[in-house]
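These numbers come from a predicted model, not from an experiment. The chains referred to below are lettered A, B, ... by the order of the sequence lines, with proteins before strands, and numbering in each begins at 1.
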Amino acid sequence: MADRQIRALNVAEKPSVAKAVSGILSRSPQSNGLRVREGRSRYNKIFEFDYVIRGQHFQMAFTSVTGHLMELEFDDRYRKWYSCDPIELYHAPVLKSVPQDKLDIRRTLEEEARKSQWLILWLDCDREGENIAFEVVEVCAQANRNLNIWRARFSALIEREIHHSMQNLVRPNQLFADAVDVRQEIDLRIGASFTRFQTMLLRDAFVLDFASEDRNIILSYGPCQFPTLGFIVERYWEIQAHEPEEFWTINCTHNNNEGIATFNWMRGHLFDYTCATMLYEMCIQEPTATVTKVRQQEKLKYPPHPLSTIELEKRASRYFRMSSEITMKVAEDLYQAGFISYPRTETDGFSERTDLRSIVQEQEGHQLWGSYARRLLDPEANLWRHPVGGGHDDKAHPPIHPTKFSTGESSWSADHHKLYELVVRHFLACVSQPAVGAETTVEIDIAGELFSACGRVILAKNYLDVYRYESWGGSIIPTYDFGQQFVPATLTLDSGVTRPPPLLSEADLLGCMDKAGIGTDATMHDHIKKLLDRFYATKDSNTRFSPTNLGEALVMGYDEMGYELWKPYLRAMMESDMKEVSNGAKRKAEVLETCLQQMKACFSDARSNKEKLFEAMSIFFQRSNRPSGSAQHMAGEVVRRCGVCQNNDMVLRKKPDGNFMVGCLGFPLCRSAFWLPGSLLEAVVTQTVCEICTPGPIFKIQFKFRRVEIPPNFDADHLGCIGGCDDTLRQLVEICGTGSRNIPTVSGRGQGHPSLSSSGNVHGSARRQEVCMHCSQAGHSSNLCPSLASRGRGGRPPEINQQNGEESIPCDSCGAPCSLRTANTDANRGRKFYSCRSQGCNFFVWEENATGGRRAATGNGSQSNQSRRGGGLGRGSRGGARSGNATFVSATGEPISGRCFACGDPSHFANACPSRGR
DNA sequence: GCAAGGTC
């Protein structure tokens, strides 16, 4: 028989389900018992047993995952915050993969799948479960292409149900999984784009004094967290907007030897003082009251529905002021230890098949509620009532109920005690009769005005005996008969003022989220916690939420833009889209495309309206003097309009290798780029507009160079322009090279690729097209700019000028004397150079690069590094030869060869060009 | 570093 056996791999969503289902299935007579062995993951064991499906013998291996096996992430290139413009995140490639911490589960699945012919998926029967099922399929099918794949559909871990689903296996539902794929992708793209956008925009622009280390705070945006914040802000604004209004009401009391009755004016209250006074005076003039109605009726107060997650969270908050986050942590502990059922459930009604009485029976021994449990099971007490559900069913889990008796464990905290007691008392309450009361309502007439009073007597407390968290007040009033007349003890005209609604409590907030479909039972508390962690909201000692300045400013900013990104509509729209994908009405790709297109447009609009966010933030926070994070990280501070495509801005960026460039936002459609010197340490776009370069505006950049990598007479700090007017920048590009040299050439030069250039600023990059910094035209670099070639040239040749015995030469730039000095930086120690003494002039030339005539004339024998090395790289070592390419050694020791970009002469570089600056 | 959804 063993030969005919099929081996099947069963996979559940969590270890507890694998264990429970294996336990049930292995109790059949053919199972040969239940064996357990370790898998690769310490949490996910493998259970083994035999089973017969419709006459076919199976050898079952039953293991589990822990929720989602895979994660959706952006392609590596887009993961770093400053790697791209956030708007690109609407199209950037995304990948689903198994994260590091789940690799061991993947190995178990692969190993077991290879040994199996069938795969049976026991994931939870909801959309997320179906999606996880397909993640499991992807991993298993890669290991074994011939698997026969089945889905078990079950709604409770009950013997009959589990056997039934095993005997009636179906195929997994791709549409359900697709719906989740849609949600994941939209959440990721929207969340990441807006989070990066608002964080980079605002974090460094304002003094956010609430956080000790405000440089690291993240101003996140999420389709669940923002609407949750929206509820808090909206209530807060409602309170702020409330204007107290005075009102008047007439109150009346009457007492006799039976007690006191307080009668309320049936008009409630009036805001018109004159009117209230007139009516009151009429009552005073004829104060005799006549009883016009006496109504007695039985009233029932019903026990709560069976406990769902949200109700558990709301009630723990209301009764114990326990946060939803703590509630879920403690509930998880109790569940793990087997004391309560699965705590993440939307179901608020018990299945007919649940053995409710045995759950009650287990609690009979408890000293606090044991006697109540015994009464419940006593038919004579007439206390039992089948629980009435609230109409919600997630088809996966029963309502939260006790699963094991405990009088309290030594490891339990006070919160564990409270929560276990709540679960037990709630369960006992919902299988109990409602409380019964007798209510008496009396109405009287005084001078035509009607008043009423109400009294209540509790006839049977029933469930209230065990559910001590709820009370039902009783008040006794005297007996009245129809037509009876009396004179009130007091008849007063009282004033009051209207009050604003209270701040939202945690229970209110959970209620709002539940109603609007924000989050799931398993995640709502996370969204609330996130608001506190992000400094968007605070919770006071009464568990009531207020927005912080930051939270209010963000909502205000988007509100001013006219976007309802902080309202729950976006989530509601996504939920309805998901439903349509689930039922096949819409295809996944079409929903994704439409939704992302809309959100991208919205993002783009929001970005162009960013002043609204700035204005809102300015109300609450001081502007900071810090350079913005985006500028620091080159995320895209605009430098100028792109002269090539004319369509996009060019922004300053820092590449992953540390080099800087100014690139067009239209990349990859437009590849124009300007690479900055490789010696650059930091660069920040300033608000200063260059007054020389056109077309403007071109914003100047504050550069900070690495001291040791630039010639000694250049300032490490330089406010420069990429528009073409900045000689210093040009010299440094030529001397130090650009970042683009470090990027490997994708294809060889000169192969006709339009983005390649034969030399110049972007010579190493096959990705970007060069842009001349002189004329802003594409196709050549600044050193080959035709506009420069036509400039007036032919100035006087350099001369030696001696003053006070010092060696000096006239400055090529301004004509002032240049002194011979000795470098003392690490990279160039001992090397001689000439530098201009004139203030504000940056002219500099290494001694060996000075003109041959001058070197010969100075004849001081100073030797360059190059000549000492014998490399023959400096012009000096060639004895002043004017033929061949000029060569130069950069500060990093790299030889650079080329020609003067000013006059095109290959014998020297521009910094030594005789024609420059004239 | 970013979302929300599973779960340990």
Nucleotide nearest [X] when distance is taken to its side chain, options [options]:
{"X": "A:Glu128", "options": "B:dA4, B:dT7, B:dG5", "answer": "B:dG5"}
{"X": "A:Thr523", "options": "B:dA3, B:dG5, B:dC2", "answer": "B:dG5"}
{"X": "A:Cys224", "options": "B:dG5, B:dC8, B:dG1", "answer": "B:dG5"}
{"X": "A:Arg534", "options": "B:dG1, B:dT7, B:dA3", "answer": "B:dA3"}
{"X": "A:Thr520", "options": "B:dG5, B:dC8, B:dT7", "answer": "B:dG5"}
{"X": "A:His68", "options": "B:dA3, B:dG6, B:dT7", "answer": "B:dG6"}
{"X": "A:Arg571", "options": "B:dG5, B:dC8, B:dC2", "answer": "B:dG5"}
{"X": "A:Tyr335", "options": "B:dA3, B:dC8, B:dG1", "answer": "B:dC8"}
{"X": "A:Arg203", "options": "B:dT7, B:dC2, B:dG1", "answer": "B:dG1"}

Contact class for [X] vs. all strands (heavy atom < 4.0 Å): base, sugar-phosphate, or nothing?
{"X": "A:Phe197", "result": "nothing"}
{"X": "A:Leu69", "result": "nothing"}
{"X": "A:Lys102", "result": "base"}
{"X": "A:Gly129", "result": "nothing"}
{"X": "A:Glu71", "result": "nothing"}

Atom of A:Ala92, atom of A:Arg189 and distance for their closest heavy-atom approach: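 Scanning both residues completely, I find the closest heavy atoms to be O-NH1, 2.8 Å.
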Heavy-atom pair with the smallest gap, counting every atom of A:Met322 and A:Asp415: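 Minimum heavy-atom contact is CE-OD1, 3.5 Å.
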I need the [atom1]-[atom2] distance between [X] and [N], as an integer number of Å.
{"X": "A:His527", "N": "B:dG6", "atom1": "NE2", "atom2": "P", "answer": "9 Å"}
{"X": "A:Asn44", "N": "B:dG6", "atom1": "CG", "atom2": "P", "answer": "18 Å"}
{"X": "A:Glu135", "N": "B:dG6", "atom1": "CD", "atom2": "P", "answer": "12 Å"}
{"X": "A:Arg196", "N": "B:dG1", "atom1": "CZ", "atom2": "P", "answer": "11 Å"}
{"X": "A:Tyr90", "N": "B:dC2", "atom1": "OH", "atom2": "C1'", "answer": "12 Å"}
{"X": "A:Glu73", "N": "B:dA3", "atom1": "CD", "atom2": "C1'", "answer": "10 Å"}
{"X": "A:Asp521", "N": "B:dA4", "atom1": "CG", "atom2": "P", "answer": "16 Å"}

[X] side chain N/O closer than 4.0 Å to the phosphate oxygens (OP1, OP2) of [N]?
{"X": "A:Tyr342", "N": "B:dT7", "value": "yes"}
{"X": "A:Arg79", "N": "B:dG1", "value": "no"}
{"X": "A:Ser220", "N": "B:dA3", "value": "yes"}

With respect to A:Leu219, which candidate in A:Thr199, A:Leu613, A:Thr195, A:Leu201 satisfies the side-chain contact (heavy atoms from CB on, under 4.5 Å) definition?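 Single pass found, and it is A:Thr199.
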pi-stack flag for A:Tyr221 and B:dA3, centroid dist under 5.5 Å, interplanar under 30°: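 No; by the centre-distance and plane-angle rule, A:Tyr221 does not count as stacking on B:dA3.
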What verdict does the salt bridge (Lys or Arg N to Asp or Glu O under 4.0 Å) test give for A:Asp533 and A:Lys530, after you've listed the backbone C-alpha separation in whole Å, the side-chain angles of each residue and the deciding distance to 0.1 Å? CA-CA 5 Å; A:Asp533 291 347; A:Lys530 188 149 276 173; over 6 Å; no
Let me confirm one number: the CD-CD1 distance from A:Gln225 to A:Ile518, rounded to the nearest 0.5 Å.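 One gets 11.5 Å once the value is rounded to the nearest 0.5 Å.
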Scan side-chain atoms only and decide if A:Glu313 and A:Thr327 contain a donor-acceptor pair under the 3.5 Å cut-off.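 There is no such pair between these side chains.
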Which of residues 171-185 of chain A have a heavy atom under 4.0 Å from DNA chain B?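 Result for residues 171-185 of chain A: A:Arg183, A:Gln184, sorted by number.
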Does A:Tyr536 use its side chain to pair, donor to acceptor, with the backbone of A:Ser220 at less than 3.5 Å?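 Confirmed, A:Tyr536 side chain pairs with A:Ser220 backbone.
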